[in-house]
Amino acid sequence: MPPIIYIAQYIANVLHAHGYEDVSPMKLQKVLYYTKVWGLVDGTPWVDASFLKWKHGPVNKKVWEHYYNCGYQGRNAVIERQWIPQGAVPEAGKKLAEFVVDSYGPLGALTLSAMTHREAPWQQTPDNEVIPDDLIYGYYSAQPFAQNFPLDFEGKPYYALPTDGDAAFTMDMSKHEAEQFRVYASFNAYRKYLSQVRGELDDNWLSRLLA
């Protein structure tokens, strides 16, 4: 497995490459956490690192210490692109990282933090303790988003993350109908939709829906 610092910096680089300039330590920690989460669900757990339950959500202490020592000491500081060794991240890891960044990248740090607070693994873990992998897998594998795995960007439907803004549209729907509300024809179809919406609205549009 690649060192967790290389994985973290690779994800930060991908976020920048996708046009997200709000790569704060808090946001990076949450995107890194969800990369671990969905790797476990996918059966490709290439993020071999533990996350602690901290006040603002799951945190990998090595990553926190690394960027703190590099001068990114505020949760709103912006982590810049940095070089990592060629081949440090496996191709399967790159595919998963791209998928997670496309899915979670539009969300701000505080929104991502709030999301983790609503989810059982963070809620059921004592403060400053490691969030267990079996708790992570048991919870997230039962979520609609888990149906996106194994990854297929074109040949299967994409189940987008639910937003609080969906409630106005789904309150009179059955559970099945509500789950289908956020389903796109494919992941590539979702990315096309996302690029259109981002061109029309400011970068915090989805964060406001989830706040």
Side-chain angles (χ1 to χ4, degrees), residues 1-12 14-15 20 22-79 82 84 88-90 92-93 96-97 99-101 103-149 159 161-164 207 210-211:
M1 297 292 181
I4 187 61
I5 302 305
Y6 288 166
I7 296 174
Q9 186 59 55
Y10 179 79
I11 289 173
V14 173
L15 283 162
Y20 301 112
D22 58 337
V23 189
S24 65
M26 180 188 286
K27 177 165 182 172
L28 178 58
Q29 286 277 1
K30 303 309 169 275
V31 177
L32 182 62
Y33 170 71
Y34 282 117
T35 305
K36 173 188 173 75
V37 163
W38 298 115
L40 287 173
V41 172
D42 188 39
T44 55
W46 69 284
V47 181
D48 186 18
S50 298
F51 285 78
L52 302 171
K53 176 183 176 176
W54 280 16
K55 179 180 179 180
H56 297 295
V59 169
N60 177 268
K61 193 171 182 180
K62 285 185 178 180
V63 172
W64 182 86
E65 290 174 344
H66 174 77
Y67 288 107
Y68 189 89
N69 292 334
C70 287
Y72 300 103
Q73 298 178 11
R75 71 183 189 187
N76 295 320
V78 176
I79 296 173
Q82 296 180 21
I84 61 173
V89 177
L96 179 62
F99 178 78
V100 173
V101 165
S103 298
Y104 289 89
L107 311 180
L110 292 177
T111 300
L112 289 166
S113 174
M115 285 178 67
T116 63
H117 286 196
R118 294 197 294 263
E119 297 167 347
W122 186 87
Q123 293 177 347
Q124 296 177 14
T125 300
D127 291 348
N128 299 314
E129 295 291 330
V130 172
I131 302 174
D133 285 0
D134 59 348
L135 188 56
I136 289 174
Y137 180 83
Y139 175 79
Y140 291 102
S141 63
Q143 304 306 307
F145 193 79
Q147 297 180 66
N148 292 315
F149 300 94
Y159 293 78
L161 295 168
T163 71
D164 289 347
S207 291
L210 283 161

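Fair warning: this is a prediction, and the values are worked out from it, not measured in the lab. Position 1 is the first residue of the sequence, and the numbers go up from there.
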- Check for a donor-acceptor pair, side chain of Lys30 on one end and backbone N or O of Leu112 on the other, with a separation under 3.5 Å. no
- Which atom pair, heavy atoms only, marks the closest approach of Tyr10 to Ile84? CB-CD1, 3.7 Å
- Got Ile5 and Val63 here, is their nearest side-chain heavy-atom distance under 4.5 Å? yes
- Item | Donor-acceptor under 3.5 Å (Lys36 side chain, Pro45 main chain) | no
- Task: Measure from the ring center of Tyr137 to the ring center of Phe149 and say whether it is less than 6.0 Å.
- Result: no
- Please check if the side chain of Lys27 supplies one atom and the backbone of Arg75 the other of a donor-acceptor pair under 3.5 Å. no
- Query: Got Val130 and Thr125 here, is their nearest side-chain heavy-atom distance under 4.5 Å?
  - Reply: no
- Query: Atom CD in Gln9, atom NE2 in His66: separation rounded to 0.5 Å?
  - Reply: 6.5 Å
- Check: Trp38 main-chain N/O paired with Asp42 side-chain donor or acceptor under 3.5 Å: no
- Item | Point-to-point distance, once rounded to the nearest 0.5 Å, from CG of Asp127 to CG of Leu52 | 10.5 Å
- Query: Between Pro25 and Tyr72, which heavy-atom pair has the shortest distance, and what is it?
  - Reply: CG-O, 3.8 Å
- Nearest non-hydrogen partners of Ser50 and Asn60, listed with the distance: O-ND2, 2.8 Å
- Over all atoms of both residues, closest heavy-atom pair of Ala97 and Ile11: CB-CG1, 4.3 Å
- Item | Partners passing side chain to side chain donor-acceptor pair (under 3.5 Å) against Tyr140 (at least two apart in sequence or in another chain) | Tyr33, Glu119
- Message: Tell me the closest heavy-atom pair linking Ser141 and Val41, and the distance in Å.
- Response: N-CG2, 3.9 Å
- Query: Quick one: CG on Leu28 to CG on Leu15, what's the gap to the nearest 0.5 Å?
  - Reply: 7.0 Å
- Item | Approximate separation, where rounding is to 0.5 Å, of Gln29 CD and Trp54 CH2 | 8.0 Å
- Query: Can you name the nearest heavy-atom pair linking Tyr139 to Ala120, along with the distance?
  - Reply: CD1-CB, 3.6 Å
- Note on the structure: NZ (Lys62) and CZ (Phe51) are apart, to the nearest 0.5 Å, by 12.0 Å
- Message: Any side-chain to backbone donor/acceptor pair from His56 onto Leu110? Under 3.5 Å, distance only.
- Response: no
- Query: Which is it for Ile4 and Leu32 under the side chain to side chain contact (heavy atoms under 4.5 Å, CB included) test, yes or no, and what are the steps along the way?
  - Reply: CA-CA 9 Å; Ile4 187 61; Leu32 182 62; 4.0 Å; yes
- Message: Can you tell me how the ring of Tyr34 sits relative to the ring of Tyr104, calling it parallel under 30°, perpendicular over 60° and tilted otherwise?
- Response: parallel
- Note on the structure: Taken to the nearest 0.5 Å, the spacing of Phe99 CZ from Thr35 OG1 works out to 10.5 Å
